[in-house]
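Worksheet: one structure, shown below.
Both backbone and side-chain heavy atoms feed into the values below; hydrogens, waters and symmetry mates do not. Within every chain, numbering begins at 1; the chains are lettered A, B, ... in the order of the sequence lines, protein sequences first and strands thereafter.
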2 protein chains.
Amino acid sequence: MEFDAKTPIYYQIEQYINREIIIGHLRPGAQVPAVRQLAITLTVNVNTIQRALANLIQAGILVPERGKGNFVTTDQKVLGKMKQSMIEGEFKALYDHLAALELSPEEMTAAFAQYVQTQQGGEAHE
Amino acid sequence: MEFDAKTPIYYQIEQYINREIIIGHLRPGAQVPAVRQLAITLTVNVNTIQRALANLIQAGILVPERGKGNFVTTDQKVLGKMKQSMIEGEFKALYDHLAALELSPEEMTAAFAQYVQTQQGGEAHE
DNA sequence: CATAGTGTAATAGATGTATAGTACACTAGT
DNA sequence: ACTAGTGTACTATACATCTATTACACTATG
């Protein structure tokens, strides 16, 4: 997996797992791949996986069962909040930066819509 | 100034100065505040300022004059590219993350437009 | 109870980031 | 010349992040 060199890997893994849950690749109650397996898949050290999982456990998104593994919570309230904060976080980052560039709300939406347009036409997924 | 604890301060300062240039607070040819002054204003160490400026100089956005100070380039081509990549970078980050959440292009633009709406109503600029 | 699969803990070392402090070099004004 | 204002360079220290490695604890299976 590719990581942004400017942000901690453990944090990017947290968000990656959150996305896997939101998409449905990891369903509520499902077992998360073993830490040693994740370490291989994501090409990072087990400790880094562990740190990411510890944060997700702390947040109640994953539930650990000793000797068995880590499982996605079935608490829909927690999952709903997580999804909300994930998406809002993305929007807020863009909004704040565009606001710092003194774009009006109309300009923001128009500019982003135009960008999405360009991505649709020239999809050159490498 | 407030910094995101998850990304290097020097990088956030680079982007801050880029924004100041785009907005027009720093015009082409204008002198950037002295490094020691910036260190006080942004409440960081001089070395951190220095590292950010070094990157901007490397990129041709700032032009150093020994003993005088650092100045914003008057090369419109360089400034244009910088502005373009700044805004595109913001869009790309959001687009990629929303795409990872398997939102369609229409859903993306609609969701962002809706978010901007919510920001307009409840503007509690502190 | 032995074993393989899980998570968990602890240590040591490398690297990146940020701070603190000192020193040097160039420019301009007096 | 002196001085004050610039950038620049270097060392030392502290902390966060990541890796490598080893060890331990719990669960399930045979």
Worksheet item: Where each residue is assigned the nucleotide of DNA chain C containing its nearest heavy atom, which of Ala5(A) and Glu65(A) is assigned the position nearer the 5′ end?
Response: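 Its nearest nucleotide being more 5', the pick is Glu65(A).
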
Item to complete: Would you tell me if any nitrogen or oxygen in the side chain of Tyr10(B) comes within less than 4.0 Å of OP1 or OP2 on dT17(C)?
Response: yes

Discussion item. If you compare every side-chain N and O of Thr48(B) against the phosphate oxygens of dT17(C) (OP1, OP2), does one of them come in below 4.0 Å?
Written reply: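 Checking dT17(C) against Thr48(B), no side-chain N or O comes under 4.0 Å of OP1 or OP2.
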
Quickly work out the [X] [atom1] to [N] [atom2] distance and round it to whole Å.
X        : N       : atom1 : atom2 : result
Glu14(B) : dT17(C) : CD    : C1'   : 13 Å
Phe71(B) : dT27(C) : CZ    : P     : 12 Å
Ile9(A)  : dA14(C) : CD1   : C1'   : 14 Å
Leu56(B) : dT8(D)  : CG    : P     : 12 Å
Lys6(B)  : dT17(D) : NZ    : P     : 8 Å
Asn55(A) : dT17(D) : CG    : C1'   : 13 Å
Arg51(B) : dT8(D)  : CZ    : P     : 15 Å
Gln37(A) : dT6(C)  : CD    : C1'   : 13 Å

Worksheet item: Is a side-chain N or O of Glu14(A) found less than 3.5 angstrom from the main chain of Asn55(A), in a donor-acceptor match?
Response: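 Here the side-chain-to-backbone pair does not exist.
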
Worksheet item: Given side chains that start at C-beta, do those of Glu90(A) and Phe112(B) come closer than 4.5 Å, heavy atoms only?
Response: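 The answer is no; the side chains never approach within 4.5 Å.
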
Practice prompt. Let me know which of Leu38(B), Leu56(B), Ile49(B), Ile21(B) forms a side-chain contact (heavy atoms from CB on, under 4.5 Å) with Val32(B).
Written response: Leu38(B)

Fill in: Enclosure of Glu106(B) CD (heavy-atom neighbours >12, cutoff 6.0 Å)
yes

Short N/O separations, protein against nucleotides 8-10 of chain C, under 3.5 angstrom:
residue: dT8(C); atom: OP2; partner: Gln50(A); partner atom: NE2; Å: 3.0
residue: dA10(C); atom: N6; partner: Asn47(A); partner atom: OD1; Å: 3.0

Worksheet item: Can Gln37(A) and Thr41(A) be counted as having a side-chain donor-acceptor contact under 3.5 angstrom?
Response: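 On atom types as modelled, these side chains qualify, holding a pair under 3.5 Å.
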
Practice prompt. For the residue pair Ser85(A) and Glu88(A), confirm or rule out a side-chain donor-acceptor distance under 3.5 Å.
Written response: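 On atom types as modelled, these side chains do not qualify, holding no pair under 3.5 Å.
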
Worksheet entry | Distance (rounded to the nearest 0.5 Å) between Asn18(B) CG and Met86(B) CE | 5.0 Å

Worksheet entry | Spacing of Gln119(B) atom CD and Gln114(B) atom CD [to the nearest 0.5 Å] | 11.5 Å

Considering only nitrogen or oxygen atoms on both sides, find all protein atoms under 3.5 Å from nucleotides 28-30 of chain C and state each distance.
residue: dA28(C); atom: OP1; partner: Lys68(B); partner atom: NZ; Å: 3.3

Discussion item. Using 30° and 60° as the class boundaries, would you call the ring planes of Tyr115(B) and Tyr95(A) parallel, tilted or perpendicular?
Written reply: perpendicular

Discussion item. Using heavy-atom distances to pick each residue's nearest nucleotide on DNA chain D, tell me which of Pro33(B) and Gln12(A) is more 5'.
Written reply: Pro33(B)

